[in-house]
Protein chains: 2
Amino acid sequence: MTVSKAAEKSSDKPADTAKGRKDAAELQGQGAGEALQLGELSEQLGYVLKRAQLKVFENFLRCMASLQLTPAQFSVLLLVEKNPGRNQTEIASTLGILRPNFVAMLDNLESRDLCARIRSTNDRRSHILVLTDKGKAVLARAKKLVATKHEARLNELLGQANREALIAMLAKVANEF
Amino acid sequence: MTVSKAAEKSSDKPADTAKGRKDAAELQGQGAGEALQLGELSEQLGYVLKRAQLKVFENFLRCMASLQLTPAQFSVLLLVEKNPGRNQTEIASTLGILRPNFVAMLDNLESRDLCARIRSTNDRRSHILVLTDKGKAVLARAKKLVATKHEARLNELLGQANREALIAMLAKVANEF
DNA sequence: GATATTTGATATGGTCCATAACAATTATCA
DNA sequence: TGATAATTGTTATGGACCATATCAAATATC
């Protein structure tokens with residue numbers, strides 16, 4: 001059903017021109033066993049950005065294994081703690097999460113008694129979000145884990161000054177690119 | 001079928017203790033209409049990394065709209081150009097793409113006549129990858145678009161020196177974190 | 001008071017990522 | 001040599017994440 005599935009194999013013997021066959025012959029066994037050259041790829045912003053993000057998320061998940069918190073869940077807890085009394089739409093949209101996709105996230109956090117939906121008396125359509133006591137306690141422990149295991153790792157890799165510069169530049173890119 | 005779907009709604013009136021009701025009352029209409037405070041979130045590496053990556057990919061796609069190349073496809077073309085004669089497993093693994101998922105990507109690129117699979121004569125199991133002439137031409141145009149529209153944007157945002165420093169730090173994080 | 005908008009929610013489809021399994025081919029080694 | 005193991009490209013499949021359309025209830029607008 002994917003677009004790529006609909007792609008027709010143009011021919012069974014691609015590049016089968018006289019020049020094609022000659023070039024192919026020259027390439028047989030090219031640099032076998034040797035490491036590939038990344039070339040310009042290693043200076044492509046998107047490439048290095050994506051790979052760094054994957055590594056950081058991976059490390060985050062390892063650090064949070066005992067609390068079973070994903071980066072997205074951690075960000076929700078942080079934002080609700082900082083902005084108690086806001087509704088789902090407000091929290092979701094500032095995190096770039098679409099409302100439909102935020103429902104399942106909240107179902108999960110609420111089922112673990114980390115946060116609660118409270119019907120607003122001002123506007124009975126909306127749910128006000130609050131951290132439960134357990135949620136506050138878990139978030140406090142999560143922050144310590146992040147500080148001691150996650151950010152500390154980045155500090156010993158880049159140094160305090162570079163770490164702050166990196167985050168500042170990333171924030172600028174995220175906001176103004 | 002998701003995990004979160006299996007989450008049971010613990011109760012219809014969450015946090016309905018005496019303290020819970022009082023706290024909820026205090027929160028009604030909290031900072032309505034005002035912007036939310038990001039708080040510690042804006043200094044979380046993972047958060048700012050992810051958002052920056054999304055913005056950069058988004059901009060990349062806009063710059064490449066005329067060539068219809070995604071960041072992943074661009075990286076494949078770059079790597080094949082730099083390392084002609086390598087097989088699918090080698091190209092995919094250095095890009096962090098799993099072999100099964102690489103098949104559809106190549107089907108797509110091959111159907112557009114950007115690259116070609118050639119049966120190796122040394123090892124008839126493997127397909128050697130090469131850029132077609134059209135693939136080389138498209139990649140050349142893609143590089144120019146990236147340089148003039150994409151990287152130039154980053155330069156005017158951070159400056160040349162900072163841009164290089166950012167990429168160097170991201171590469172370090174990607175490789176050593 | 002009729003109409004439009006907002007909120008949370010459901011259903012659904014797409015894309016990306018990960019694992020298992022398979023046929024063809026090659027490597028290993030008894 | 002020949003039996004067995006490993007590798008390559010591939011298919012099938014399921015999960016996680018993201019996006020859109022739609023809905024009922026509640027509210028806003030006029």
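In what follows, chains carry the letters A, B, and so on, assigned in the order in which the sequence lines appear, proteins first and then strands, with residues in each chain numbered from 1. We use all heavy atoms of the structure for the numbers below, so side chains are in, but hydrogens, waters and symmetry mates are not. Keep in mind it's a predicted model, so treat the numbers as computed, not measured.
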In whole Å, I'd like the distance from the NE2 atom of B/H127 to the P atom of D/dT7. 18 Å

Figure out the CZ/C1' separation between B/R86 and D/dT8, and round it to whole Å. 16 Å

Interatomic distance where CZ belongs to A/R117 and P belongs to C/dT7 [whole Å]: 16 Å

Determine yes or no for a side-chain-to-main-chain donor-acceptor pair under 3.5 angstrom, with A/K134 supplying the side chain and A/R112 the backbone. yes

Can you check the B/R119 CZ to C/dT25 C1' distance for me, whole Å? 9 Å

Side-chain N,O (B/R99) to OP1/OP2 (C/dC17) below 4.0 Å: no

Quick one: side chain to side chain donor-acceptor pair (under 3.5 Å) partners of A/R51, sequence neighbours excluded? A/Y47

Compare the minimum distances between each of D/dT8, C/dT7, C/dA9 and the side chain of B/N87, then state the nucleotide with the smallest one. D/dT8

Where do N or O atoms of nucleotides 27-30 of chain D meet protein N or O atoms at under 3.5 Å, pair by pair?
unit_1 : atom_1 : unit_2 : atom_2 : d
D/dT27 : OP1    : A/R124 : N      : 3.0

Counting just side-chain N and O atoms, does A/T89 come under 4.0 Å of either OP1 or OP2 of C/dG8? yes

Closest non-hydrogen contact found for B/S120 with B/N122 is OG-N, 3.2 Å

Distance check needed: D/dT10 C1' versus B/E110 CD, whole Å only. 14 Å

Can you figure out which of D/dG9, D/dA12, C/dA11 approaches the side chain of B/P100 most closely? D/dA12

Counting distance only, does the side-chain N/O of B/N87 pair as donor-acceptor with the main-chain N or O of B/E90 below 3.5 Å? yes

Any side-chain N or O of A/S126 below 4.0 angstrom from OP1/OP2 of C/dT6? no

Return the value, rounded to whole Å, for the distance between atom CD of A/E90 and atom P of C/dG8. 8 Å

Of B/R117, B/E110, B/Q88, which is the lone residue that meets side-chain hydrogen bond (donor to acceptor under 3.5 Å, both in side chains) with B/H127? B/Q88

Within this structure, what is the CG-to-P distance between B/L98 and D/dG9, rounded to whole angstrom? 14 Å

Quick one: which of D/dC18, D/dT10, C/dC17 gets closest to the side chain of A/N101? D/dC18

Can you confirm whether more than 12 heavy atoms, excluding those of A/E43, are under 6.0 Å from its CD atom? no

Would you mind writing out the side-chain donor-acceptor pairs for residues 152-160 of chain B within the sub-3.5 Å range, not counting sequence neighbours?
unit_1 : atom_1 : unit_2 : atom_2 : d
B/R153 : NH2    : A/E176 : O      : 3.0
B/N155 : ND2    : B/Q160 : OE1    : 3.4
B/Q160 : NE2    : B/E164 : OE2    : 2.6

Listed by chain and number, what are the side-chain contact (heavy atoms from CB on, under 4.5 Å) partners of A/A142, not counting sequence neighbours? A/M64, A/L67, A/L69, A/F74

Rounded to whole Å, please give me the gap between CZ in A/F102 and P in C/dT10. 15 Å

Selection residues 137-149 of chain A - residue pairs positive for side chain to side chain donor-acceptor pair (under 3.5 Å), sequence neighbours left out: A/E81-A/K143, A/K143-B/E40

Note: for A/I97 and B/Q88 on DNA chain D, the residue whose nearest nucleotide lies more 5' is B/Q88

Mind listing the residues from residues 45-54 of chain A sitting with a heavy atom below 4.0 Å of DNA chain C? Number order is fine. none

